[in-house]
There are 2 protein chains.
Amino acid sequence: MGTIYDLAKKTGFSITTVSKALNNYKDVSEKTRAKILQAAAEMDYLPNAHAQSLSTKKSWAIGVMFSEANEVGMKHPFFNGIIESFRHATEEHGYDLIFASRNLRNRDMSYLEHFKHRAVDGIVVICSDRMDEQVQELMQSDIPIVVVDMDSANCSVVYSDNTAGARLAVEYLYGLGHRAIAHIAGDSSIDAGAARVKGYELAMQALELPIQPGYLVNAGFFSVEEGKRAMEKLLQLPSPPTAVFVAGDQMAIGAIEAVHEHGLRVPEDISIIGYDDIEMIKYITPKLTTIRQDTDEIGEAAAELLIEQMTAKERRTERRVIPVRLIERASCAPVKK
Amino acid sequence: MGTIYDLAKKTGFSITTVSKALNNYKDVSEKTRAKILQAAAEMDYLPNAHAQSLSTKKSWAIGVMFSEANEVGMKHPFFNGIIESFRHATEEHGYDLIFASRNLRNRDMSYLEHFKHRAVDGIVVICSDRMDEQVQELMQSDIPIVVVDMDSANCSVVYSDNTAGARLAVEYLYGLGHRAIAHIAGDSSIDAGAARVKGYELAMQALELPIQPGYLVNAGFFSVEEGKRAMEKLLQLPSPPTAVFVAGDQMAIGAIEAVHEHGLRVPEDISIIGYDDIEMIKYITPKLTTIRQDTDEIGEAAAELLIEQMTAKERRTERRVIPVRLIERASCAPVKK
DNA sequence: CCTCTTCCCGAAAGCGCTTTCGGTAATTTG
DNA sequence: CAAATTACCGAAAGCGCTTTCGGGAAGAGG
């Protein structure tokens, strides 16, 4: 493969000139540049990224901290859409993604430390647990950063318009004639969960619907099982809801399961609307009506916000809220008279 | 953060000694090592990975080439399980994963070139298209490599026991009394597809069942739509099968859809068995019976094979075939009399 | 013909770290 | 007590690249 020294020897120029030719400096004539590029091609020369980073202080690498919760990691059906789109967007600008371990030759270190060690140009955190110490540490560092799916006053963030989405859902159910509308919520320690609760409450208030006791149930961390348990609670109520807005598709799947096991039908007996629009809900029965979060858009926005900071080499803080939209499928129906 | 020079200045020792202390060389006394480590902790010293890699020729990074086909990327429901487990396994040994772009400051380059540029210690390719030029190039390089989900004579590979899995599926259907067993296959250009076809044929032969004309249909690249179309072909046959072994869960989902649209039921009218055991099939109706590929095991095996090579700093070629197993759910039933 | 620009090129320092090879001081051995 | 080990430490070269700065040659201007 060779180094610029080899190129210098081969072409007879100095390594300075070789380096300049390779980097399009203008103080090298076209003729010598051509010779050098030719020689480089002949010997399959490739610059060594480590050497470059060392001397330029730029690594062209983005550190990613990805959903660590409950072992799902890259299997996370919503986040993996975001990271995919983020990857695409950053790739076009020449950045590589590095998934760091917290393990440096035995000694374990924090994500921040590892990212500093690797000298990444920026960081993206896609992880909904704002209370995570590691996340906190990253947000307080001075490395360019963008955080997805949670809010923060002192770093760039991008997330969906969760309250608007929740209102959309409630208003849609209302439009179908429903008045007894419950909400299976995600935990409020997660921004998205809290925002959707807020949207639910605002919408109910705007529609002058009181929230009946027991109609707002916290189902924790968005899993199928938790959604199922939450729905069971609703079904046990003296007067169960005719429609429920579920804060996440996975929980909605669990909710539907609970309804079925209770001998009722969706949507004939109970309407269910989810949130996220993950892949699999197109294949369940009934196909889930949901609020779609635009993962492509989110990933791209995150990339944009981060790249800006990295090229400016300074931390900025900008908030980007991505609109959502209702996807009508088959899990909601007009209320039974 | 500081460098070893700062540490040297602060402690009064030479940078040589500092470096040695940090790297547990034994020709530095306990006393001075303690002082240096102390100082390092005080100034939050972190070694610079680029400098280290430059001088040691070891980057502690693994380049990953991940499913590029049809824009799914990290959303691939089977591969993302593998990469997650692979990540876990390599993390414990101190390796980071780097998802490279093929874009180096405008000029585009191959994956191999990019990986050389980044000086990764090893490469993992998780991507089923063996004909991909990029994959070929990687397999022929001299960097330690492990390839998942396809076979090759000249590099380490790990994949599931696809023929055994196919036989398992066919024998299971046979055991339920089925004799008219069809196979919706993945394209033979993909190793997994070809192996499953082979397993299907072997099993049918062993059971002395002739493969009726039209019973073996190539459905291409494992998508829901292709599976659906394939099933439609089967349903148009003069005597349609009573059971079909589908080479992938996504295709099986499509197949079930086709059956339903045809006014028939699964499994009452037609039994369907899938392959992979991806997350979502637990939530469709009916829950899909399938052959589970152990993504955890595959990822771990791949990690092991690669780490061996990287520590030995030499390319090796070993084949690891991971056993599969039948997961019985609700999409298969005894044949109707 | 001389001076002033402009155009090219290269010396050298620096990025932060590792590792070989000696050398001194302290310790052990005969 | 002299000689031979042993224990510690440091100088220096090297990893592959970038970038500042200065200098020579060629062309422009008077």
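Per chain, numbering begins at 1; letters A, B, ... match sequence-line order.
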> Roughly how many Å is it from OH in B:Y5 to P in C:dC15, rounded to a whole number?
Replying inline: 8 Å
>> Base, sugar-phosphate or nothing for B:T56? Non-hydrogen atoms, less than 4.0 Å.
In response: sugar-phosphate
>> Under 4.0 Å, heavy atoms only, any strand: does A:T3 hit a base, just the sugar-phosphate, or nothing?
In response: sugar-phosphate
> Counting only distance, no hydrogens or angles, is the base of D:dC9 paired donor-acceptor with the side chain of B:D27 under 3.5 Å?
Replying inline: yes
> Reckon A:K57 has a side-chain N or O less than 4.0 Å from the OP1 or OP2 of C:dG16?
Replying inline: yes
> Taking for each residue the nucleotide of DNA chain D bearing the nearest heavy atom, is the 5' side occupied by A:S55 or by B:R33?
Replying inline: B:R33
> Could you state the OH-C1' distance from A:Y45 to D:dG16, rounded to the nearest angstrom?
Replying inline: 7 Å
>> Given A:E318, which partner from the list A:R316, A:R315, A:R320 fulfils the salt bridge (charged side-chain N to carboxylate O under 4.0 Å, His left out) test?
In response: A:R320
> Taking only N and O in the side chain of A:Q52, is any of them less than 4.0 Å away from OP1 or OP2 of D:dT18?
Replying inline: yes
> Would you say A:T16 reaches C:dA11's phosphate, i.e. side-chain N/O to OP1/OP2 under 4.0 Å?
Replying inline: no
>> From NZ of B:K20 over to P of C:dT18, roughly how many Å is that when rounded to an integer?
In response: 12 Å
>> Using OP1 and OP2 only, check whether a side-chain N or O of A:T17 sits under 4.0 Å from C:dG10.
In response: yes
> Between A:Y25 and C:dG10, does any side-chain N or O lie under 4.0 Å from OP1 or OP2?
Replying inline: no
> Which heavy-atom pair separates B:I98 from B:A61 by the least distance, and what is that distance?
Replying inline: CG2-CB, 3.7 Å
>> Does C:dC9 have OP1 or OP2 under 4.0 Å away from a side-chain N or O of A:T32?
In response: yes
> When you measure from the side chain of A:T311 to the backbone N and O of A:I307, does any donor-acceptor pair fall under 3.5 Å?
Replying inline: yes
> Rounded to the nearest Å, what distance is computed from the CG atom of residue B:L54 to the P atom of nucleotide C:dG14?
Replying inline: 17 Å
> Does any donor-acceptor pair link the side chain of B:S14 with the base of D:dA11 at a separation under 3.5 Å?
Replying inline: no
> Is the distance from OP1 or OP2 of D:dT18 to the nearest side-chain N or O of A:N23 less than 4.0 Å?
Replying inline: yes
> Quick one: is D:dC9 close enough that its OP1 or OP2 comes under 4.0 Å of any side-chain N or O from B:S29?
Replying inline: yes
> How are the rings of A:F66 and A:F79 set relative to one another: parallel (under 30°), tilted (30 to 60°) or perpendicular (over 60°)?
Replying inline: perpendicular
